[in-house]
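We name chains A, B, ... by the order of the sequence lines, and we start the count at 1 in each one.
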2 protein chains.
Amino acid sequence: MRLLVIEDEHRIAQALKEGLEQESYAVDVCHDGEDGYNTASADEYDLIILDVMLPGMDGIEVCRKLRAEGNHTPILMLTAKDQNHDIVHGLDAGADDYLPKPFSFEVLLARVRALMRRPNESIGEILKVGELTLNTNTHEVKRSGQSIKLSSKEYSLLEYMLRNKGQVLSKNNIMSHVWDFDANILPNTVEVFVAYVRAKVDKPFKDAELIQTVRGFGYKIGENS
Amino acid sequence: MRLLVIEDEHRIAQALKEGLEQESYAVDVCHDGEDGYNTASADEYDLIILDVMLPGMDGIEVCRKLRAEGNHTPILMLTAKDQNHDIVHGLDAGADDYLPKPFSFEVLLARVRALMRRPNESIGEILKVGELTLNTNTHEVKRSGQSIKLSSKEYSLLEYMLRNKGQVLSKNNIMSHVWDFDANILPNTVEVFVAYVRAKVDKPFKDAELIQTVRGFGYKIGENS
DNA sequence: TAGAACTTTAAAATTAGCTTAAAGAACTGG
DNA sequence: CCAGTTCTTTAAGCTAATTTTAAAGTTCTA
């Protein structure tokens with residue numbers, strides 16, 4: 001779990017870093033709002049500990065900007081004692097929690113744990129065609145309940161086709177979307193991989209063939225012709 | 001939104017009820033732990049405001065019992081001022097938040113709003129996959145009742161995987177969540193640590209291998225393929 | 001029915017991941 | 001503060017799986 005601490009007082013920042021590292025968290029530190037904001041939006045953290053009072057851009061502002069750009073990383077805000085308006089503003093700016101200074105490390109840790117405890121909410125996008133499903137999170141591919149094991153390229157090919165189901169995809173199109181840029185591939189490679197995927201996804205099942213050849217144009221995945 | 005207030009001081013309970021009703025929440029009140037616990041487990045509330053100090057069964061106990069029976073209703077705990085151990089115990093018992101008395105109504109309202117915003121059903125602090133458990137509080141890791149000793153990095157890696165169980169995590173993803181910022185690590189380091197964790201967590205146990213390699217994509221922790 | 005378009009097969013080339021060993025860091029107990 | 005220990009990281013060799021190519025076989029259609 002990787003945390004970002006945005007706190008201008010070096011003494012506190014250092015203490016937090018050390019204490020949290022003791023608890024086996026990976027911790028990065030920024031000392032002003034600007035820097036903190038940039039770091040937070042550039043990298044994916046699991047939690048941000050954010051001081052309200054910061055030189056330049058303050059904590060509320062940092063928080064608001066991160067939320068505005070769709071960043072949902074949990075934020076624990078450190079507020080000055082008895083500054084209720086900080087708390088209210090902070091929470092309204094999208095902070096998930098606050099901790100009034102001064103606080104004991106033990107309490108901080110409990111708050112951090114509580115915030116980390118949130119759901120595994122990753123919304124697994126599941127691509128489907130007929131009885132075939134592909135879970136983009138777990139990379140699980142199934143047909144009629146039966147699990148299918150694909151290699152990396154096979155998976156990429158199938159995923160690409162499913163994301164464009166019903167459409168006819170030319171070999172060139174497939175080549176440029178499934179292989180990378182500098183990948184000098186022959187069209188035959190696509191044919192071979194289509195065959196591999198068919199062998200695992202279509203052949204073992206009696207019902208409709210999902211992957212269809214459109215002679216002269218390319219391939220298509222879909223339920224019926 | 002329906003709230004339950006469990007608070008023995010009638011004056012405070014009444015003030016909360018009125019204030020919250022003003023905000024158009026439906027509010028029920030209980031005056032002791034027993035009654036509060038029964039009410040909370042009988043009916044489905046959207047939020048429970050729970051005083052720690054209660055006659056009979058105290059707030060911590062109420063909280064623990066509700067969580068034990070799988071109730072995930074967000075709980076905001078009211079603690080006595082400067083009783084840090086209350087806070088820690090409360091959070092560890094599964095409370096989602098706390099508010100030290102005395103508090104302004106404005107702050108309470110902000111906390112209530114924040115909790116309501118939060119996705120329900122936050123995961124407990126014990127992470128599990130099959131027979132494997134990891135206690136994020138004590139850092140204890142067990143499989144089939146047997147205690148397993150992990151180093152700090154090994155622990156971090158396993159925790160991260162468990163928090164994202166079922167999902168395929170690329171080496172890069174793992175690198176950026178388990179190691180910090182300036183950590184220049186090779187992907188091979190991840191491979192080595194996965195091997196270490198496997199050696200302690202999977203190898204000594206005959207049953208299913210929990211940590212799976214998804215060739216070309218990364219690693220996944222989960223019960224079955 | 002000839003030729004283009006696709007399929008299949010099998011072998012060669014490449015790569016990902018595992019293992020091992022050893023160097024360097026960070027702790028620990030005296 | 002130092003020596004021994006444990007933990008973290010790198011590097012290199014190995015294996016097995018995947019990717020790619022090439023060539024021979026089929027099918028379709030004009």
Side-chain angles (χ1 to χ4, degrees), chain A residues 2 17-19 21-27 139 141 148-161 168-203 209 211-221 225, chain B residues 139 141 148-161 168-176 178-203 209 211-221 225:
Chain A
R2 188 149 156 235
K17 184 177 166 68
E18 283 171 12
E21 281 176 347
Q22 198 90 45
E23 292 291 315
S24 337
Y25 296 114
V27 182
H139 287 216
V141 176
I148 294 171
K149 192 166 163 288
L150 297 180
S151 82
S152 169
K153 272 275 141 58
E154 291 163 1
Y155 177 90
S156 300
L157 172 59
L158 183 60
E159 179 182 356
Y160 181 63
M161 296 188 78
V168 176
L169 303 167
S170 72
K171 275 170 229 175
N172 277 324
N173 181 309
I174 291 174
M175 278 156 73
S176 63
H177 282 89
V178 175
W179 274 262
D180 52 33
F181 211 50
D182 44 289
N184 268 50
I185 295 308
L186 306 172
N188 174 246
T189 307
V190 176
E191 294 164 0
V192 171
F193 270 88
V194 169
Y196 289 163
V197 174
R198 274 178 166 152
K200 295 179 177 181
V201 159
D202 266 336
K203 287 263 174 72
E209 303 214 320
I211 299 176
Q212 292 142 40
T213 302
V214 182
R215 190 169 239 264
F217 294 94
Y219 299 95
K220 188 177 95 168
I221 199 165
S225 68
Chain B
H139 287 210
V141 177
I148 294 171
K149 192 168 161 286
L150 297 180
S151 81
S152 169
K153 272 276 140 57
E154 291 163 0
Y155 175 88
S156 300
L157 172 59
L158 183 61
E159 178 184 356
Y160 183 64
M161 295 188 78
V168 176
L169 304 168
S170 72
K171 275 170 230 179
N172 278 325
N173 181 306
I174 291 174
M175 279 156 72
S176 65
V178 175
W179 275 264
D180 55 30
F181 211 46
D182 40 289
N184 270 52
I185 297 307
L186 305 172
N188 175 245
T189 307
V190 176
E191 294 165 6
V192 172
F193 271 86
V194 168
Y196 289 161
V197 173
R198 273 178 167 153
K200 294 180 176 181
V201 159
D202 265 336
K203 288 260 174 75
E209 302 215 323
I211 300 177
Q212 292 144 39
T213 302
V214 183
R215 192 173 232 265
F217 293 97
Y219 299 94
K220 188 176 95 169
I221 200 166
S225 69

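- On the nucleic acid side, DNA chain D has its first and last nucleotide under 4.0 Å of a heavy atom of chain A at D:dT18 to D:dC28, going 5' to 3'.
- When each of A:L150 and B:S151 is assigned the nucleotide of DNA chain D with its nearest heavy atom, B:S151 is the one assigned upstream, toward the 5' end.
- Shortest non-hydrogen contact noted between A:I211 and A:D202 is N-OD2, 2.9 Å.
- Residues satisfying the side-chain contact (heavy atoms from CB on, under 4.5 Å) test with B:S170, not counting sequence neighbours, are B:N172, B:N173.
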*Would you please test B:F193 and B:I174 for side-chain contact (heavy atoms from CB on, under 4.5 Å) and show each step?*
CA-CA 11 Å; B:F193 271 86; B:I174 291 174; over 6 Å; no
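- Counting 5' to 3', DNA chain C first comes under 4.0 angstrom of a heavy atom of chain B and last does so at the ends given by C:dA16 to C:dT20.
- Between B:H139 and B:Y155, the ring planes are parallel. Angles under 30° get that label, and only those over 60° would be called perpendicular.
- Under the side-chain contact (heavy atoms from CB on, under 4.5 Å) criterion, A:V192 pairs with A:N188, A:Y196, not counting sequence neighbours.
- Residue whose closest nucleotide on DNA chain D sits further toward the 5' end, between A:L186 and A:K149: A:K149.
- Of the two residues contacting DNA chain C, namely B:K203 and A:G216, the nearest-nucleotide position lying further toward the 5' end is that of A:G216.
- For A:E21, the side-chain contact (heavy atoms from CB on, under 4.5 Å) criterion is met by A:K17, A:V27, B:D180, not counting sequence neighbours.
- A search for side-chain contact (heavy atoms from CB on, under 4.5 Å) contacts involving A:R215 returns nothing, not counting sequence neighbours.
- Residues forming a salt bridge (charged side-chain N to carboxylate O under 4.0 Å, His left out) with A:K149 (at least two apart in sequence, or on another chain): none.
- The salt bridge (charged side-chain N to carboxylate O under 4.0 Å, His left out) test applied to B:K153 returns no partner, not counting sequence neighbours.
- Atom CD1 of A:I221 and atom CG of A:L157 lie 8.5 Å apart (nearest 0.5 Å).
- When heavy atoms are screened at a 4.0 angstrom cut-off, A:Y155 is found touching no nucleic acid atom at all.
- Taking five base pairs at each end of the helix from C:dT1-D:dA30 to C:dG30-D:dC1, the local helix axes there meet at an angle of 30°, rounded to 10°.
- For B:S176, there are no side chain to side chain donor-acceptor pair (under 3.5 Å) partners, not counting sequence neighbours.
- A:Y219 comes within contact range of the sugar-phosphate backbone alone, with a heavy-atom separation under 4.0 Å but no base atom that close.
- Without hydrogens or angle criteria, A:S24 side chain to B:S156 main chain gives no donor-acceptor distance under 3.5 Å.
- Under the salt bridge (charged side-chain N to carboxylate O under 4.0 Å, His left out) criterion, B:K200 pairs with B:E154, sequence neighbours left out.
- Remark: B:N188, B:T189, B:V192, B:F193 in residues 187-195 of chain B come within less than 4.0 Å of DNA chain D through at least one heavy atom.
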